[in-house]
Amino acid sequence: MTGPTGHSPRAETTDLVVIGAGVVGAAAAYFAARAGLRVTVVDRGPLAGGTSSAGEGNLLVSDKEAGPELDLALFSQRVWREDLAEHAGLWEFEAKGGLVVAATPGGADALAKLVLEQRAQGIEAVDVPKDELPDYEPHLSPELVSGAFYPQDAQVQPMLVVAHLLRMARQAGARVRTDTEVTGFLRTGERITGVRTSRGPLSAPAVLNAGGTWAGVVAELAGVRVPVLPRRGCVLVTQPLPVMVRHKVYAAEYVGDVASSDAALQTSPVVEGTRAGTILIGSSRERVGFDREVPPPLLAALARNAIALFPFLASVQAIRSYLGFRPYCPDHLPVIGPDPRAPGLWHACGHEGAGVGLSVGTGKLLAQALTDRPTGLDLTPFAPERFEQALPGDEVNPDAP
Amino acid sequence: MRGNADVTADVAVADVAVADVAVVGAGPAGMAAAVEAATAGLTVALVDAGERPGGQYWRHGPHDEGPLAGQHGRRTFAALRAGLVRTGTRTFFGHQVWLIARDADRFTLHLRPTHDGRGPGTRTLTARSLILCPGAYDRQLPVPGWDLPGVMAAGGVQALLKGSGTLAGRRAVVAGTGPFLLPVATGLAAAGAEIVMVCEANPLRGWLRDPGGALREPAKAVEGAQYAALLARHGIPYRTRTVVTEIRGEDRVRSVRIAPLDRDGRPRSGVRIEVDADLVALGWGFTPSLELPLMVGARTRLDTDGSLVAVVDARQRADVPGGPGVYLAGEATGVGGAALAVREGRLSGLAAAGDLGRTIDEGRMRRLQRAIRRGRRFAAALHTATPVPPGWTDWLDGSTLICRCEEVTYGDLCHAARELGAKDPRTLKMLARPGMGMCQGRVCGFATAQVAAALTGGSPSTPSADDLLPLARRPLATPVTLGEIAALGEES
């Protein structure tokens, strides 16, 4: 990595400033610090204060169709299971597997077709006929028609991922500054040479925008456009129970919802147990800006969908709900890599609902690129400037503040 | 025979009830609010989780005869209950509100039976205005051994005594701070328990002799003098600047370690005594229930006792998005006791009626406002005199449970703060899970925020309103079955 490191004589100097102490920023900081860079992570709030603490901690391949995101998911799988294997216990890594179920004969046909395609892409998938569904999930509704089991799907506790990645990054020399808001960028000519923060300037030849759902605002401070939009999701949490749901279980329509760009509310059932005994019930997708008010019909839809999969849930108590805002790009792909429009600025954002799963692969790839090594995956499909030519799915941002 | 049949739960035929104003909580504030609003001509629906009016304060005896003799404000209770009957106030007792939605100029309240399998099931109530009087619950500070059987919240001990005359133990230590320890101790003594000691963490002796003198609240002065006399009559040792630092026993409470506090509010090491006891009643003040005020978006502030409370204007109106229409009365606006709650309830009922176009007595309103201001000053002075000792976390050890639902220890919180970088209560909660279990932080929320402040802040450090807010916000006000949630909206 080259470039001037000093801008303001009083600015503290480092090799890389990471904006955002969420799961993507933490993973990038970890791999960059381990690669020998001096890293400073800044966040305007606490660690994992945004979307990282508002999901279920899924590491999924089952919901991916062939394409760059699946490549990144499979790459990340190896990072979770190989590079980070020794730390798996720290973040409650559980290779629980995912079970996708179809409720109609039509859904079963579509699922069978998806499984064939996914297998061709290297995803492990097992066809589960109706009579074998109870072997996987004894409490599933007998109305379901068929299923597919994905042994690679796993789960982590995302807050612990963030906290431990940042802890290990600190051990490798990184500094983490929470409650430190980026207010602008330092520049030498066109080149980004650091950031101004609420606690003073930080000078660095590389600045990584890992601002999650707020990454578009960060990019704007640097004068470039990265169209990240919030896509709200809501989760219901039940009382703690003995194990009733063994895997992540979801309906086949979920894959279609994930890939959709519709602004209207979509719900499809996703049900899974946690280490703590609670059962998490999703999923919903809607584009309502950063509205935090959850309309009762949304909760009702989540509950109804979940009961359709697991009838016993009707008499189980929910104790809370939470929501978050997935950072979503019009083409459903994350933004990863250097920004030629603002040399010195890098991005790692827009991972939508898959940020936890994709975080470590993203972090490793960035560390490779930042240290001028060949990357384990081609970053071209994730290029930040790809939105400069309007894409078919691109549009005027209706969620802009 | 069932008493008070006149105001028992109204089992309606229709599932949807409509009223001008819905009053949630039928304690002192809610009863007063309902009676005033109804007297001024509004149709009122009064909801409470209990089967009878009165709330936590006016508890009914074992035979439903209403508050037992000797309870303060019995006459007020009787008058308010008569008022509910006279005005035909519609009551929904035995029901909890688990969700409130606002739609244009209507509030929709979703109710469920407090006890599963009883009553008519999920019901919906719509109203033009909302008066929330959710009350408060015991504030707890963990201490080693507080999870042993025989350790109870002071309010819980009191509830047992009032509700069923049950004595929770024979040899009791009553500890914590504030005047509420006194009725608990004298009540236990009157019921036949031996009070080994009352441990008051603050230097309250002067207060006890003349609690109201400087504050011109004669009723409180009389009350304080009565308790002082009762303590003397029962020969109850009363020690100030003294705390319980450890509760010992294998299967239940056997003994209690007690220590004086130093000037910084830390237990003095080496000067502790141990007394035998089978009951420990701990009272550290009260935490207002804010689930419903927060659900409708009420703005909050930090009160002088360190509690998060809702902000109200001079007419008890909450500051909520969507414009006026929400009123708050009682402990939710600041812990101040039953007499103040009744006044706030009355004012909120009058204000709601006035805002809906009814003629109200402005002079009476001003008198209530003056009395409320006086009561608030008294409460603030009392809070200032009875703080939680700043060094209380010193008596915790690594294995002391902070969150009982999720079995999170003080050591777990220290680890999350020191090793994992949690610097605020919300992050502490996400990393170590305090407050994530069935009670959703109602028991451990205050303590978790205090521990977070002590672990990460300077000294002395107290949690801010921003620290407390994420621990108080509960999107579902009470646990509710997924079946009930699934049925949302089917009524309309």
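These numbers were taken from a predicted model, which means no experiment stands behind them. Naming convention: chains lettered A, B, ... in sequence-line order (proteins, then strands); numbering from 1 in each chain.
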Please flag which part of [X] lies under 4.5 Å from any non-hydrogen atom of chain B: side chain, backbone, both or neither.
X        : result
A/Leu323 : neither
A/Leu166 : neither
A/Ala48  : backbone
A/Leu302 : neither
A/Ser315 : backbone

Contact class of [X] relative to chain A, heavy atoms under 4.5 angstrom:
X        : value
B/Leu431 : both
B/Met295 : neither
B/Arg433 : side chain

field: A/Gln317 side, atom CD; B/Glu484 side, atom CD - distance, nearest 0.5 Å
entry: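 Going from CD on A/Gln317 over to CD on B/Glu484, the span is 8.0 Å.
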message: Nearest 0.5 angstrom please: B/Leu482 CG to A/Ile281 CD1, how far?
response: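 Atom-to-atom, B/Leu482:CG and A/Ile281:CD1 are 4.5 Å apart.
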query: Any idea which of A/Val294, A/Val316, A/Leu299 has the most non-hydrogen atom pairs under 4.5 angstrom with chain B?
result: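 Max contact count across the listed options: A/Val316.
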message: Quick check for you: among A/Ala21, A/Pro297, A/Ser53, which has the greatest number of heavy-atom pairs under 4.5 Å with chain B?
response: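 It is A/Ser53.
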query: For the candidates B/Thr481, B/Thr108, B/Thr427, which exhibits the highest count of non-hydrogen atom pairs separated by less than 4.5 Å from chain A?
result: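 So the answer, after comparing B/Thr481, B/Thr108, B/Thr427, is B/Thr481.
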A/Arg167 atom CZ, neighbour heavy-atom count above 12 within 6.0 Å: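 Yes, the 6.0 Å shell around CZ holds more than 12 heavy atoms from other groups.
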query: When you look at CD of B/Glu407, are more than 12 heavy atoms from neighbouring residues, nucleotides or ligands closer to it than 6.0 Å?
result: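 It does not: B/Glu407 CD has 12 such atoms or fewer within range.
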- prompt: Should A/Pro46 and B/Lys423 count as side-chain neighbours, where that means a heavy-atom distance under 4.5 Å?
  reply: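 When only atoms from C-beta onward are counted, B/Lys423 and A/Pro46 do not touch, as no gap falls below 4.5 Å.
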- request: Could you check if a side-chain atom of B/Met438 sits within less than 4.5 angstrom of a side-chain atom of A/Gln239, using non-hydrogen atoms only?
  value: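 Yes, side chains in contact.
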message: Looking at every non-hydrogen atom in both residues, tell me the closest pair between A/Arg320 and B/Pro475 and how far apart they are.
response: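 Reported closest heavy-atom pair: CB-CD, 4.5 Å.
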- prompt: Shortest non-hydrogen contact from A/Arg304 to B/Ala486?
  reply: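 That would be NH1-O, 3.0 Å.
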Intermediate values then yes/no, side chain to side chain contact (heavy atoms under 4.5 Å, CB included), A/Leu47 and B/Leu420: CA-CA 10 Å; A/Leu47 57 93; B/Leu420 301 183; over 6 Å; no
